[in-house]
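Residue numbers begin at 1 in each chain, while the letters A, B, ... track the order of the sequences.
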Number of protein chains: 2
Amino acid sequence: MLLAKSTENAIQLIIYLIRHADNDYIRVKEIAEQCNISFFILSKIAQKMIKAGILESYTGPNGGIKLVKNPSDIQLIDVVQSIEGTDVLDKCILGFEHCGEMNPCAVHQHWKEAREVILNMFEGKTLKEIIDIDELKEVYSV
Amino acid sequence: MLLAKSTENAIQLIIYLIRHADNDYIRVKEIAEQCNISFFILSKIAQKMIKAGILESYTGPNGGIKLVKNPSDIQLIDVVQSIEGTDVLDKCILGFEHCGEMNPCAVHQHWKEAREVILNMFEGKTLKEIIDIDELKEVYSV
DNA sequence: AACATTTAAGACTTATGATTCCTAAATATA
DNA sequence: TATATTTAGGAATCATAAGTCTTAAATGTT
């Protein structure tokens, strides 16, 4: 599995937020129900993204969470890194500590190319673009 | 992490076997020492690859494991699948059960392209080719 | 036959991530 | 001020992967 399950959930949460954002806070409970994810799990994930500066929260009635930035200023990689840390895919795919340009393992070059494409998937487009394209196609929504 | 740690070890084991194969069985203990992996872990990994038909073993003095096929007939994907199962990377990256061509999630198309490249890394070249290129460059060996 | 070597395989332990639960803190509203 | 709502965050549980140990089975060598 490329992404941790909690990262999958984080992305689902963000997509829901973007699709339903109207400057109000949205309750985590609502998102959990709509996305069919445990409320407790989503709460924790939200907290991580709050610490990462992607979301902000408000406690109390009418409270909830919302995006700090505009969807056109967020990349998938920001969400992924907020959950998995900043060194995603950084390591040698064979697990060699000292593998690198100076000291490549047997599949270093191949992995480098593949990683480029994966990171491009995470960095290339903003979340807004991804959602927009998606809406255009009138397809499966979160 | 893209690959499970045991899959990393499996690939290291295979590369060692290819580099030191001379039709004799090689002791798992030797591989474990040379590759700096726990003997117990490598034993289990070897057993999985034996069940997958990649390796064969011989019990007793002068026993050990060796490749069943020629390195030019083995692809990385064979090794990966022997440990991780045959549905590696098959699932939706956002974890949606029903995501597919008919019902794509917001990042389905992007993930499809990235997966293509990853699988190509695993399928495109035989292990022999990977090792040969590596030797040519006189670089880091396992 | 006895012994040493080596894989086979199951049991056990540890580590990590996923999940659930519970109490506290913040705050709008009546 | 009392109450209901909602996030915050720690504790506890569960599941799965990783790692270790122990005994059995196979077989070459003496």
What is the distance, rounded to the nearest whole Å, between atom CD1 of B:Ile26 and atom P of C:dT7? 11 Å
Above 12 or not: heavy atoms from other molecules or residues under 6.0 Å from NZ of A:Lys66? yes
I want to verify a distance call: between C:dA8, C:dT19, D:dT7, whose nearest atom is closest to the B:Thr59 side chain? C:dA8
note: A:Ile45, atom CD1; C:dG17, atom P; distance rounded to Å ~ 14 Å
Minimum-distance nucleotide (side-chain atoms of B:Phe40 versus C:dC22, D:dT22, D:dT27): D:dT22
What are the two closest heavy atoms between B:Asp73 and B:Asp78, and how far apart are they? O-OD2, 4.3 Å
For a quick test of reading the model: is some side-chain N or O of B:Asn62 closer than 4.0 Å to OP1 or OP2 of C:dA4? no
Length of the CG-P vector between B:Asn36 and D:dG19, whole Å: 12 Å
Using whole Å, report how far NZ of A:Lys66 lies from C1' of D:dT6. 16 Å
Measure from the side-chain heavy atoms of A:Ser57 and tell me the nearest of D:dA18, D:dT20, D:dT7. D:dT7
Is a donor-acceptor pair below 3.5 Å formed from side chain B:Lys29 to base C:dT5, judging by atom type as modelled? no
For the pair made of CD1 in A:Ile50 and P in C:dA25, what is the distance, rounded to whole Å? 18 Å
Quick one: A:Lys51 NZ to D:dA8 P, roughly how many Å, whole number? 9 Å
Looking at D:dA25, D:dT7, D:dG19, which one has an atom nearest to any side-chain atom of A:Arg27? D:dT7
What's the closest nucleotide to the B:Pro61 side chain, out of C:dA18, C:dA9, D:dT27? D:dT27
A:Lys128 vs A:Ile18, test: side-chain contact (heavy atoms from CB on, under 4.5 Å). Steps then yes/no. CA-CA 8 Å; A:Lys128 181 169 190 321; A:Ile18 294 178; over 6 Å; no
Taking all heavy atoms of A:Ser6 and all of A:Ile45, pick out the closest pair and write down the distance. O-CD1, 3.4 Å
Look at B:Ser6 and D:dA18 and indicate whether a side-chain polar atom (N or O) is within less than 4.0 Å of OP1 or OP2. yes
Verify the contact: side-chain N or O of B:Lys44 to OP1 or OP2 of C:dG10, cut-off strictly under 4.0 Å; return yes or no. no
Could you check whether A:Lys112 pairs with A:Glu116 (Lys NZ or Arg NE/NH1/NH2 to Asp/Glu carboxylate O, under 4.0 Å)? no
Can you tell me if the side-chain N/O atoms of A:Ser38 get under 4.0 Å from OP1 or OP2 in C:dT20? yes
Length of the CD1-C1' vector between A:Ile41 and C:dT20, whole Å: 8 Å
Residue A:Ala4, side-chain atoms from C-beta onward, closest of D:dG9, C:dT7, C:dA18: C:dA18
Which is true for B:Ile37 with a 4.0 Å heavy-atom rule: it touches a base, it touches only sugar-phosphate, or it touches nothing? nothing
From CZ of B:Phe39 across to P of C:dT5 the rounded distance in Å is 13 Å
